[in-house]
Amino acid sequence: ELNRRDNEVKGGVADTLHELGVLEVKKHQLDSAASFLQQSLDMRRSFGDNCDANNADCAATLHQLAAVHVARKPPSLEKAKALLQEALGLSRQIGQRAATLKQLARVTIRQGSLDRAESYLEQALELYLELYGDNKLHINIAAVKFQQGALALQREQLEDAWLHFSECLRIRRHVY
């Protein structure tokens, strides 16, 4: 009942539903995770014109919901891709955009769109480099380098794969 009256309360309920969804993902309870995340998204959309009032929160929920669709057996890659593209359209924060691009690359690799995936990874890397500035030894940069290496390996570009994996290893050794 409170939920119907006050947008601040609605936001809190939507945040709670989102976090419950994230917890269910961690427990690999994908059906209940999808339910909580979809409820959160529906609630956010109900008090913002298609999420315009709370872009970052909607983008985060869309990203998590996409991850659920990727984790399902069999995965719903088209649905995940659509959710990630919507999240990308809403994301204004550099880190959030980079993470979404990185996840979008994973999805497009699994769909066989290797050129598109490469583009997403390059964009994600540029954003992370902008975000971390001089501190290029960040675990998120290592994750992109690893994906770039895996993509190069899939394309049988062995020298490029070696360079990406080596850079990933160098960063991870430094971080850990």
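Keep in mind that the numbers below use all heavy atoms, side chains included, and drop hydrogens, waters and symmetry copies.
The backbone N or O of Ala59 lies less than 3.5 Å from no partner atom in the side chain of Gln96, so there is not a single donor-acceptor pair.
Grouping the Ile, Leu, Val, Met, Phe, Trp and Tyr side chains by contacts below 4.5 angstrom, directly or via other members, places Ile139 with Leu125. Under the 4.5 Å side-chain heavy-atom criterion for grouping Ile, Leu, Val, Met, Phe, Trp and Tyr, Leu88 is connected to Val144 within one hydrophobic cluster.
Residue pairs meeting the salt bridge (charged side-chain N to carboxylate O under 4.0 Å, His left out) criterion with at least one member in residues 97-111: none, sequence neighbours excluded. Here salt bridge (charged side-chain N to carboxylate O under 4.0 Å, His left out) pairs that include residues 123-132, with residues two or more places apart or in two chains, number zero. Sorted by first and then second residue, the ring pair (Phe, Tyr, Trp, His ring centres under 6.0 Å) pairs with a member in residues 7-42 form an empty list; sequence neighbours excluded. Each salt bridge (charged side-chain N to carboxylate O under 4.0 Å, His left out) pair with one or both residues in residues 11-21, not counting sequence neighbours, appears once here: Asp15-Arg44.
Annotation for Leu169: hydrophobic cluster partners, listed by chain and number, are none (ILVMFWY side-chain heavy atoms under 4.5 Å, direct or chained). In this structure, Val22 shares a hydrophobic cluster with no other residue, the cluster being traced through Ile, Leu, Val, Met, Phe, Trp and Tyr side chains under 4.5 angstrom apart.
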Donor-acceptor pairs under 3.5 Å, side chain of residues 158-166 to any protein atom, not counting sequence neighbours: which ones?
| unit_1 | atom_1 | unit_2 | atom_2 | d |
| --- | --- | --- | --- | --- |
| His164 | ND1 | Gln148 | OE1 | 3.4 |
| Ser166 | OG | Trp162 | O | 2.8 |

Only pairs under 3.5 Å count here: list side-chain donor-acceptor contacts from residues 62-85, not counting sequence neighbours, and write none if there are none.
| unit_1 | atom_1 | unit_2 | atom_2 | d |
| --- | --- | --- | --- | --- |
| His63 | ND1 | Thr100 | OG1 | 3.2 |
| Glu78 | OE2 | Gln111 | NE2 | 2.7 |

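Heavy-atom neighbours of Tyr132 OH from other residues, nucleotides or ligands within 6.0 Å: above the threshold of 12.
Not counting sequence neighbours, the partners of Glu24 by the side chain to side chain donor-acceptor pair (under 3.5 Å) test are Lys27, Ser32. For Tyr120, the side chain to side chain donor-acceptor pair (under 3.5 Å) partners at least two apart in sequence or on another chain are Arg116. When the side chain to side chain donor-acceptor pair (under 3.5 Å) test is applied to Asp31, no partner is found at least two apart in sequence or on another chain. Taking the side chain to side chain donor-acceptor pair (under 3.5 Å) definition, one finds that Gln38 meets it with Asp42, sequence neighbours left out.
When side chains are defined from C-beta on, Gln154 counts as touching Ile109, because their heavy atoms get closer than 4.5 Å. At least one side-chain heavy atom of Ile171 sits under 4.5 Å from a side-chain heavy atom of Glu167.
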